[in-house]
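Accompanying notes for the structure given below.
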Amino acid sequence: MSTYEKNDKNQAVITVTVSGEDFEKAVEAAYRKTAGRYAIAGFRKGKAPRKLIEKYYGEGVFFEDAFNEVCGPAYGAAIDELKLIPVSRPDIDIKEIKDDKTVIFTATVDLKPEVKLGKYKGIKAEKNEYTVSDDDIKRELDASLEKVSRMVDVQDRAVKSGDTVSIDYSGSVDGVKFPGGTAENQTLVIGSNTFIPGFEDGVIGMEIGQEKDIQVTFPEDYHAEDLKGKDAVFAVKLHGIQ
């Protein structure tokens, strides 16, 4: 037997009644399954009569195991009987175990929400048209190639635009080195325009192991005040090309 009420959280609070006859069968099954846990003087474990165990440990000694036995099937039968669609595990609460072993418990469970459809027929939507050019396709293909590309060492040619190089450099103005103008094993992508204008062009054509002086002019808007517009020389040594 089962009934339910629906609360304001879209939950069903189901009240389930398990007959005393069914619960007694579950208690007997629990006794047979767990009797070996209990020590009674004069009896080997598992051989003591049920009544004696209940006398020593209390009448409800097997109730928890028995309830676990009947709860699942009783809850499942209630869901089918009431034609509910739960979407969560039930929160079980035992309300009463009567003298005749009739068990009453509640199961609180979230229900599948009810969906009320609005006016959806006759709705019109604009269809977006997309034109894909050959340039768009090439751009996507190049991006995909870039994602899976790998760097490989180059040994048999000089530097060209697009290469990644490893260099040492030391910059000076009027023969005097300036702060921040020296580095070792610096990685530089030729053509990235991350160095002073003219520097990367000067690296193009260098071969591994070669040393070269590259003359550049700092831009007028360079961030270091004392280097703006100054002519400089960078002594460069090329270690590797990729």
Side-chain angles (χ1 to χ4, degrees), residues 1-128 130 140-141 143-151:
M1 293 176 57
S2 57
T3 59
Y4 86 98
E5 295 180 355
K6 191 174 178 181
N7 63 23
D8 57 3
K9 298 179 181 179
N10 198 45
Q11 293 176 318
V13 181
I14 308 167
T15 300
V16 183
T17 301
V18 179
S19 70
E21 181 182 355
D22 287 342
F23 191 64
E24 169 57 27
K25 291 178 182 178
V27 171
E28 181 64 22
Y31 157 68
R32 296 185 184 282
K33 188 181 296 183
T34 65
R37 300 177 188 171
Y38 307 99
I40 303 294
F43 294 90
R44 288 182 293 128
K45 278 193 173 183
K47 299 300 181 180
R50 171 183 157 186
K51 294 295 184 183
L52 196 57
I53 294 175
E54 290 175 337
K55 179 179 178 181
Y56 272 85
Y57 289 92
E59 183 181 0
V61 64
F62 300 114
F63 281 8
E64 182 177 351
D65 289 320
F67 181 76
N68 291 338
E69 191 74 23
V70 299
C71 177
Y75 167 73
I79 291 297
D80 292 340
E81 177 188 348
L82 300 171
K83 295 181 173 57
L84 299 176
I85 304 177
V87 293
S88 68
R89 296 176 63 87
D91 182 14
I92 304 297
D93 184 20
I94 300 174
K95 293 300 183 182
E96 184 180 5
I97 299 179
K98 297 183 178 181
D99 292 339
D100 65 353
K101 291 190 173 63
T102 297
V103 178
I104 300 174
F105 70 91
T106 60
T108 303
V109 65
D110 295 324
L111 296 176
K112 182 179 180 180
E114 297 179 4
V115 178
K116 295 182 180 180
L117 294 177
K119 295 180 179 179
Y120 66 93
K121 292 185 177 181
I123 292 177
K124 295 182 179 181
E126 292 184 6
K127 180 181 179 181
N128 294 321
Y130 297 97
E140 289 300 318
L141 288 175
S144 296
L145 286 172
E146 184 68 25
K147 288 180 182 178
V148 298
S149 64
R150 60 190 179 91
M151 302 298 291

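What's counted below: heavy atoms across the whole structure, side chains too, no hydrogens, waters or symmetry copies. Note that the structure is predicted; figures quoted are calculated from it, not measured.
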Exercise for the section: Decide yes or no for V27 and E54: does some side-chain heavy atom of the first lie under 4.5 Å from some side-chain heavy atom of the second? Expected result: yes

Problem - E24/R50 ion pair, N-O < 4.0 Å - result: yes

Problem - Interatomic spacing from CD in E114 to CG in N10 - rounded to 0.5 Å - result: 7.0 Å

Problem - From K83 atom NZ to Y4 atom OH, the distance as rounded to the nearest 0.5 Å - result: 11.0 Å

Problem - Residues T108, K9; criterion side-chain contact (heavy atoms from CB on, under 4.5 Å); working and verdict - result: CA-CA 11 Å; T108 303; K9 298 179 181 179; over 6 Å; no

Fill in the blank from the handout: When every non-hydrogen atom of Y75 is compared with those of A107, the smallest separation belongs to CD1-CB, 3.7 Å

Problem - Where D110 and S88 come nearest, the two heavy atoms and their spacing - result: N-OG, 2.9 Å

Problem - Nearest heavy atoms of V16 and A78, plus distance in Å - result: CG2-CB, 3.9 Å

Handout entry: Residues, nucleotides or ligands: over 12 heavy atoms within 6.0 Å of E28 CD
Key = yes

Handout entry: Gap between atom CZ of R37 and atom CG of D65 - 0.5 Å precision
Key = 4.5 Å

Exercise for the section: Spell out, as yes or no, whether a donor-acceptor pair under 3.5 Å connects the side chain of T106 to the backbone of V13. Expected result: no

Problem - From CG (D22) to OG1 (T102), nearest 0.5 Å - result: 9.5 Å

Problem - Heavy-atom closest contact (P86 atom, V109 atom, distance) - result: CB-CG2, 3.3 Å

Practice task
Assess whether atom CD of E146 is packed by more than 12 heavy atoms of other residues, nucleotides or ligands within 6.0 Å.
Solution key: no

Handout entry: Straight-line distance of D91 CG to I14 CD1, nearest 0.5 Å
Key = 11.5 Å

Exercise for the section: Answer yes or no: are there more than 12 heavy-atom neighbours, outside Y56 itself, under 6.0 Å from its atom OH? Expected result: no

Practice task
Inspect the surroundings of NZ in K98 and state if more than 12 heavy atoms from other residues, nucleotides or ligands are less than 6.0 Å away.
Solution key: no

Exercise for the section: Check each of F63, F62, F67, F105 against F23 using the ring-ring contact (aromatic ring centres under 6.0 Å, His included) test, and report the only one that passes. Expected result: F63

Fill in the blank from the handout: Value for NZ (K95) from CD1 (I104), rounded to nearest 0.5 Å, stands at 10.5 Å

Handout entry: Over all atoms of both residues, closest heavy-atom pair of V70 and A26
Key = CG1-CB, 3.3 Å

Practice task
List the atom of L117, the atom of Y120, and the distance in Å for their closest heavy-atom pair.
Solution key: CD1-CE2, 3.9 Å

